[in-house]
Amino acid sequence: MRQHMLNGWLVAALLALVCLLCITAYMEVRKDLPRVACMRDHAVAGKKAAQPENCSTACCGSTAPSA
């Protein structure tokens, strides 16, 4: 009986750890998306990206408006 309870707590702790790791990964990716999109916008010439007009000032540090 005690082993069964310990296994249950172990599974619960493992699930909590996986959830925390997923949330952390999601937050990091979400925080980094504007920078990656801005870098991609400068790399691809002639294509208008679905971004705000002031992307370059917000995430790339330059004052030139994006194309």
Check: residues 11-18 side-chain donor-acceptor pairs under 3.5 Å, at least two apart:
none

Hey, could you give me each pair passing salt bridge (charged side-chain N to carboxylate O under 4.0 Å, His left out) that has a residue in residues 4-28? Not counting sequence neighbours.
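Sorted pair list: E28-K31.
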Applying salt bridge (charged side-chain N to carboxylate O under 4.0 Å, His left out), which residue pairs with at least one partner in residues 3-24 are found, sequence neighbours left out?
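Those involving residues 3-24 do not exist here.
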Partners meeting side-chain contact (heavy atoms from CB on, under 4.5 Å) with M27 (sequence neighbours left out):
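Listed in chain order: I23, R30.
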Separation of M1 CE from H4 NE2 (nearest 0.5 Å):
7.0 Å
Which Ile, Leu, Val, Met, Phe, Trp or Tyr residues join L20 in one cluster when any pair of side-chain heavy atoms under 4.5 Å counts as a link?
none
For L10, which fellow cluster members are found when Ile, Leu, Val, Met, Phe, Trp and Tyr are connected by side-chain heavy-atom distances below 4.5 angstrom, either directly or through intermediates?
none
